[in-house]
J.: 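Below is one structure. I have some questions about it.
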Protein chains: 2
Amino acid sequence: MATSAIRFYESRGLVHSRRTTGNQRRYPQAELRRVAFIRTAQRVGLSLDEIAEALATLPDRRAPTKSDWHRLSKAWRPRLDEQIRRIELLRERLDGCIGCGCLSLRSCALTNPGDAAAARGTGAVFLEP
Amino acid sequence: MATSAIRFYESRGLVHSRRTTGNQRRYPQAELRRVAFIRTAQRVGLSLDEIAEALATLPDRRAPTKSDWHRLSKAWRPRLDEQIRRIELLRERLDGCIGCGCLSLRSCALTNPGDAAAARGTGAVFLEP
DNA sequence: GCGCATGTTGAAGTTCGCTTGAGGTACCGG
DNA sequence: CCGGTACCTCAAGCGAACTTCAACATGCGC
């Protein structure tokens, strides 16, 4: 990946480096892991700010232990599950609901009694989430 | 959602509107579905270009039928599966690999004989995907 | 039919996530 | 020691995805 991106992350405090006597950056293993984490999280639709916040819970100057990462993992699980849920929602919408006309028919609430979405009103109630 | 966003989508050809005699936009149901689709797809990490490409396969001027959406659904399934896979990769990395030191130990290939990732070399072989 | 919220256009501005450029320094092979 | 490549900093630029603005038109409630 581009060095400029890493410098950019560093300027935002997402990664850190030590310097050589000649002022060149050197990255310990732990920082490479942070970069890998950033890249993957980004591709999943998370913002740098969100990622920065998560990384801020890891120790800055010592290498994170397995349990540090594990703590982060636990904290993010709901966020990742939500993201998966969104994909499944999209899939559902593509496969069924969007094609069946339920968004346009008031009767949808009738053919699906107890439908939680219908209770939120007719129309595209899922637009925001 | 902001009207400016919808106008922006329209300028990019992702949605269409008919006009009143007074030149105001009116959106049929089918267009609202396109908007819902766009929003959801975006939150899952897909770009407007990618979304536009998909929407281009739907009929422009008539309301898409269930089978139109179904076709789109089939075409996107691998893309969505890939996206889910990425989230799972992130979860895995958080939970296990990244914390266990396997990215830094040459011995990882030994303790995991037949490891496909190890065959790609030591280090962060998954950085890109 | 008057007033005012809401709509229209095109251009310019904003935020995010980088990339590029200018001007200078450091390291490395021969 | 020399030359070339890689790195440094800081500022400006860029593409994506919108938002805001100005100047004007429309439509709805009373």
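We use all heavy atoms of the structure for the numbers below, so side chains are in, but hydrogens, waters and symmetry mates are not.
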J.: B:Leu48 has an atom CG; how far is it from atom C1' of C:dC16, in whole Å?
T.: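 In whole Å, C:dC16 C1' and B:Leu48 CG are 14 Å from each other.
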J.: Just compare D:dC18, C:dG7, C:dG17 and give me whichever is closest to any side-chain atom of B:Gln24.
T.: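 My answer, after comparing the listed nucleotides, is C:dG7.
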J.: Which pair of non-hydrogen atoms, one from A:Pro59 and one from A:Pro64, has the smallest distance, and what is that distance?
T.: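 So the two residues come closest at CG-CA, 3.9 Å.
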J.: Nearest-Å distance, CD1 (B:Ile6) to P (C:dT6)?
T.: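 It works out to 15 Å between those atoms.
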J.: Does A:Glu31 come within less than 4.0 Å of A:Arg18, counting only side-chain N to carboxylate O?
T.: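 A:Arg18 and A:Glu31: not salt-bridged.
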J.: Please determine if a side-chain N or O atom of B:Tyr9 lies less than 4.0 Å away from the OP1 or OP2 oxygen of D:dC18.
T.: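 B:Tyr9 to D:dC18 OP1/OP2: side-chain N or O found under 4.0 Å.
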J.: Taking all non-hydrogen atoms of both residues into account, name the closest pair between B:Tyr9 and B:Met1 and its distance.
T.: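 Heavy-atom minimum between the residues: CE1-CE, 3.9 Å.
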J.: Quick one: A:Glu10 CD to C:dT19 P, roughly how many Å, whole number?
T.: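 Atom-to-atom, A:Glu10 to C:dT19, this comes out as 15 Å.
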J.: Atom CD1 of A:Ile38 to atom C1' of C:dG17: distance rounded to whole Å?
T.: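 Rounded to whole Å, this separation is 12 Å.
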J.: Between D:dT19, D:dC18, C:dT9, which nucleotide has the shortest distance from any of its atoms to the side chain of B:Gln42?
T.: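 Side chain of B:Gln42 sits closest to D:dC18.
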J.: Looking at every strand, decide which applies to B:Ser47 at a 4.0 Å heavy-atom threshold: base, sugar-phosphate, or nothing.
T.: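 Sugar-phosphate, backbone atoms only, no base.
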J.: Picking from D:dA16, C:dT8, C:dG17, which would you name as closest to the side chain of B:Asp49?
T.: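 Of the candidates, D:dA16 comes closest.
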J.: Using a heavy-atom cut-off of under 4.0 Å over every strand shown, decide if A:Arg19 touches base, sugar-phosphate, or nothing.
T.: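 Sugar-phosphate contact only - A:Arg19 comes under 4.0 Å of backbone atoms but never of a base.
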J.: From the options C:dC18, C:dC27, D:dC8, select the nucleotide whose nearest atom is closest to the side chain of A:Arg25.
T.: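 The nucleotide sitting nearest to the side chain is D:dC8.
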J.: Once you round it to whole Å, what is the distance between P of C:dC18 and CZ of A:Arg43?
T.: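 Taking CZ of A:Arg43 and P of C:dC18, I get 10 Å after rounding.
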J.: Test of understanding: with side chain to side chain contact (heavy atoms under 4.5 Å, CB included), list the residues that count as partners of B:Glu82, not counting sequence neighbours.
T.: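 Once residues adjacent in sequence are excluded, the partners of B:Glu82 under the side chain to side chain contact (heavy atoms under 4.5 Å, CB included) criterion are B:Arg79, B:Arg86.
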J.: What bend angle does the helix from C:dG1-D:dC30 to C:dG30-D:dC1 show across its length, from five-pair end axes and to the nearest 10 degrees?
T.: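 Between the axes fitted at each end of the helix from C:dG1-D:dC30 to C:dG30-D:dC1 lies an angle of 20°.
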J.: Let me spell it out: for each of A:Thr21 and A:Ser4, pick the nucleotide of DNA chain C with the closest heavy atom. Which residue's pick is nearer the 5' end?
T.: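 The answer here is A:Ser4.
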J.: Answer yes or no: does atom CD of B:Glu50 have more than 12 heavy-atom neighbours from other residues, nucleotides or ligands under 6.0 Å?
T.: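 Atom CD in B:Glu50 is crowded, with more than 12 foreign heavy atoms closer than 6.0 Å.
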J.: What I want to find out is whether A:Glu10 reaches A:Arg34 closely enough, with some N-O distance under 4.0 Å, to be called a salt bridge.
T.: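 The answer is no: the pair does not qualify as a salt bridge.
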J.: At under 4.0 Å between heavy atoms, what does B:Thr20 touch on the DNA or RNA strands: base, sugar-phosphate, or nothing?
T.: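 Sugar-phosphate, backbone atoms only, no base.
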J.: Round to the nearest Å and state the distance from A:Arg7 atom CZ to C:dT19 atom P.
T.: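 In whole Å, C:dT19 P lies 10 Å from A:Arg7 CZ.
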J.: Please tell me whether A:Arg26 and A:Gln24 have a donor and an acceptor in their side chains that are separated by less than 3.5 angstrom.
T.: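 Judged by distance alone, the side chains do pair up.
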J.: Whole-Å distance between C:dC27 P and A:Arg26 CZ?
T.: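 Going from A:Arg26 (CZ) to C:dC27 (P), I get 8 Å.
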J.: Can you measure B:Ile51 atom CD1 to D:dA16 atom P for me and round it to whole angstrom units?
T.: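 Whole-Å distance recorded here is 13 Å.
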